There are 2 protein chains.
Amino acid sequence: MGKAGTKGVARAERERQIVDIAGRVFAEHGYAGTSLTAVAAQAGISKPLIYSYFGSKEGLFAACLSTAGEVLVEVIERTAGLGLVGQQRAVVTLDQFFAALEPRPWMWRVFRDPTMPAAPEITERHARYARRMHAVGAEGVRELLHLAGNDDPLDSSAMTAAWVNVFDALVNWWIDHPGESRASMTARTVRLSAAVFGPMESDPLADQPG
Amino acid sequence: MGKAGTKGVARAERERQIVDIAGRVFAEHGYAGTSLTAVAAQAGISKPLIYSYFGSKEGLFAACLSTAGEVLVEVIERTAGLGLVGQQRAVVTLDQFFAALEPRPWMWRVFRDPTMPAAPEITERHARYARRMHAVGAEGVRELLHLAGNDDPLDSSAMTAAWVNVFDALVNWWIDHPGESRASMTARTVRLSAAVFGPMESDPLADQPG
DNA sequence: CTCTGGTAACTTACCCGCGGGTCAAATCGC
DNA sequence: GCGATTTGACCCGCGGGTAAGTTACCAGAG
């Protein structure tokens, strides 16, 4: 594009901007289907700048992955700490996730990208976040199964995978329906949860943080 | 590898073999992450043979996709025709899918490959199968929601997406646990379904086809 | 039964563009 | 001037795709 030379954008700020745009592209086409030329074009900068800041395509993806992982883990652990149970816990967790993903929906898809590189640096980092999130989800699932008299660990494992994918479906459905607000999505999950598990006693969202 | 010249394998048989191996590789690495060189190596043949039979990488994927689509649509439509409802319908459908996927588990992942090429020839073919499957699933979901007094079409759409992903989770969990037989998977879904929806009145698998 | 041509089944060797990655220079703020 | 920021131009391997030749099988002709 233009000439060389600084445009007065500090490194930290530029890095944030690149991560945000790269996240969007990775989310749309997957890691394997994304070219850094495309990312650079989207960001309005040149490819070598990305390499100068992130070292490699994997490095850039790792930065996006860390951003996503930090946010998602924070949300799920904070929500789990509220001490809710059952249906209410599920609905509030979803609501908090929608809130966290509203500004950057790409985080979810990047975190679950099936074409993620197999480099140990990436897989280990991903596994660290995934393990923490999985632990929280599995705890809730065990609780639910225990109430039904089921303590089979493999049942719990399969059910946790199913629950995570329900999550995934709702987030993706939301991304595919940009007209829906966070509030309307949460109301929807309340209705759907009631249809599956039966109605709840009280308003599940009373006194929840914004 | 060896010399040129026919090895006495008829075209139809070779095509089946290539589709089966390509399906496995596509399922493992996704369309975007798969190279035909790798597929040819796996199949023990050379790359031009694949091109001579399938024309292009997209053509090969289309063949895998059609194989998967035909099988999956047949299963879901046949099962829907049994006239079951609610929990029983869900469990029996899963059981029939496990049976159909047992010999070629790659079919499910290929059909749901998010890195699938965007060529109209592919997307249209996929959409045709997906629409038929989706229609069956959506019908069951509408039924369930209607019983709970909910007739919102968007709720139904979101719930159908969630249900399909539950499916996806269980199939992938199965693929990741090769020790599990179809029977043990089905027993597991019965237990999990009971934990979520409450126990069923009768044996859901009485008199079902093998 | 053999010879011969045709065809179907294959392979080696290659082309070419795309995309990851690098170098050295150019430009700007201070 | 000096360092941080930024770029155009380039290298190179990988992977999709192709051209042309090689081998085996199977007619039918003699």
Side-chain angles (χ1 to χ4, degrees), chain A residues 1-22 25-26 28-65 113 115-119 121-122, chain B residues 1-22 25-26 28-65 113 115-119 121-122:
Chain A
M1 270 260 187
K3 302 290 186 70
T6 181
K7 291 170 183 166
V9 181
R11 175 167 185 148
E13 192 183 340
R14 190 64 97 186
E15 280 180 353
R16 269 193 303 265
Q17 180 210 350
I18 295 176
V19 164
D20 191 54
I21 288 179
V25 183
F26 281 140
E28 189 174 352
H29 305 291
Y31 176 84
T34 296
S35 82
L36 287 206
T37 307
V39 173
Q42 279 282 317
I45 58 174
S46 68
K47 205 169 47 161
L49 189 60
I50 300 182
Y51 278 91
S52 135
Y53 283 176
F54 298 96
S56 68
K57 188 184 179 185
E58 283 183 2
L60 176 60
F61 186 85
C64 297
L65 185 65
D113 186 353
T115 72
M116 203 177 303
E121 191 185 352
I122 302 279
Chain B
M1 271 247 185
K3 303 291 187 69
T6 182
K7 291 169 181 165
V9 180
R11 175 167 184 147
E13 191 183 341
R14 190 65 97 186
E15 280 180 353
R16 268 193 304 262
Q17 179 209 351
I18 295 176
V19 163
D20 192 55
I21 288 179
V25 182
F26 281 141
E28 188 174 352
H29 305 291
Y31 176 83
T34 297
S35 82
L36 287 206
T37 307
V39 172
Q42 279 283 319
I45 58 173
S46 69
K47 205 169 46 159
L49 189 59
I50 299 182
Y51 278 91
S52 133
Y53 283 177
F54 297 95
S56 67
K57 188 184 179 186
E58 284 183 1
L60 177 58
F61 185 85
C64 296
L65 185 65
D113 186 351
T115 73
M116 203 176 303
E121 192 185 355
I122 302 279

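Every chain is numbered from 1 and lettered A, B, ... according to where its sequence line falls, protein lines coming before strand lines. Treat the numbers as computed from the prediction; the structure is a model and nothing was measured.
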Evaluate the side-chain contact (heavy atoms from CB on, under 4.5 Å) criterion for residues Q17(A) and E13(A): first the C-alpha distance (whole Å), next the side-chain angles of each, then the deciding distance (0.1 Å), finally the verdict. CA-CA 6 Å; Q17(A) 180 210 350; E13(A) 192 183 340; 5.9 Å; no
Whether K7(B) contacts dT11(C) is assessed here as follows: a side-chain N or O lying under 4.0 Å from the phosphate OP1 or OP2. Is that the case? yes
If only side-chain N and O atoms of S46(B) are considered, is one of them under 4.0 Å from the OP1 or OP2 phosphate oxygen of dT11(C)? yes
Could you check whether the side chain of K47(B) and the base of dG17(D) have a donor-acceptor pair of N or O atoms closer than 3.5 Å, going by distance alone? yes
Residue V9(B), side-chain atoms from C-beta onward, closest of dC10(C), dG16(D), dT27(C): dC10(C)
Y51(B) side chain near dA19(D) phosphate (N/O to OP1/OP2, under 4.0 Å): no
Once you round to the nearest 0.5 Å, how far does CD of Q42(A) lie from CD1 of I21(A)? 6.5 Å
Looking only at dT7(D), dG16(D), dG20(C), the nucleotide nearest the S35(A) side chain is dG20(C)
Would you check if the side chain of K47(A) reaches a backbone N or O of A38(A) as a donor-acceptor pair within less than 3.5 Å? no
Phosphate oxygens OP1/OP2 of dA4(D): is one of them under 4.0 Å from a side-chain N or O of R14(A)? no
Using whole Å, report how far CD of E58(A) lies from C1' of dG21(C). 13 Å
Nearest to the side chain of P48(A), which nucleotide is it out of dG17(D), dT6(D), dT22(C)? dT22(C)
Quick one: do Y51(A) and L36(A) satisfy side-chain contact (heavy atoms from CB on, under 4.5 Å)? Show the steps, please. CA-CA 9 Å; Y51(A) 278 91; L36(A) 287 206; 3.6 Å; yes
Establish whether the base of dG21(C) is bridged to the side chain of K57(A) by a donor-acceptor pair shorter than 3.5 Å. no
Among dG16(D), dC10(C), dT27(C), which nucleotide sits nearest the side chain of L36(B)? dG16(D)
Starting at atom CD1 of I18(A), determine the distance to atom C1' of dT5(D), rounded to an integer number of angstrom. 11 Å
Answer yes or no: does a side-chain N or O of R11(A) lie under 4.0 Å from OP1 or OP2 of dT6(D)? no
Report the distance from atom CD of Q42(A) to atom C1' of dG19(C), rounded to the nearest whole Å. 17 Å
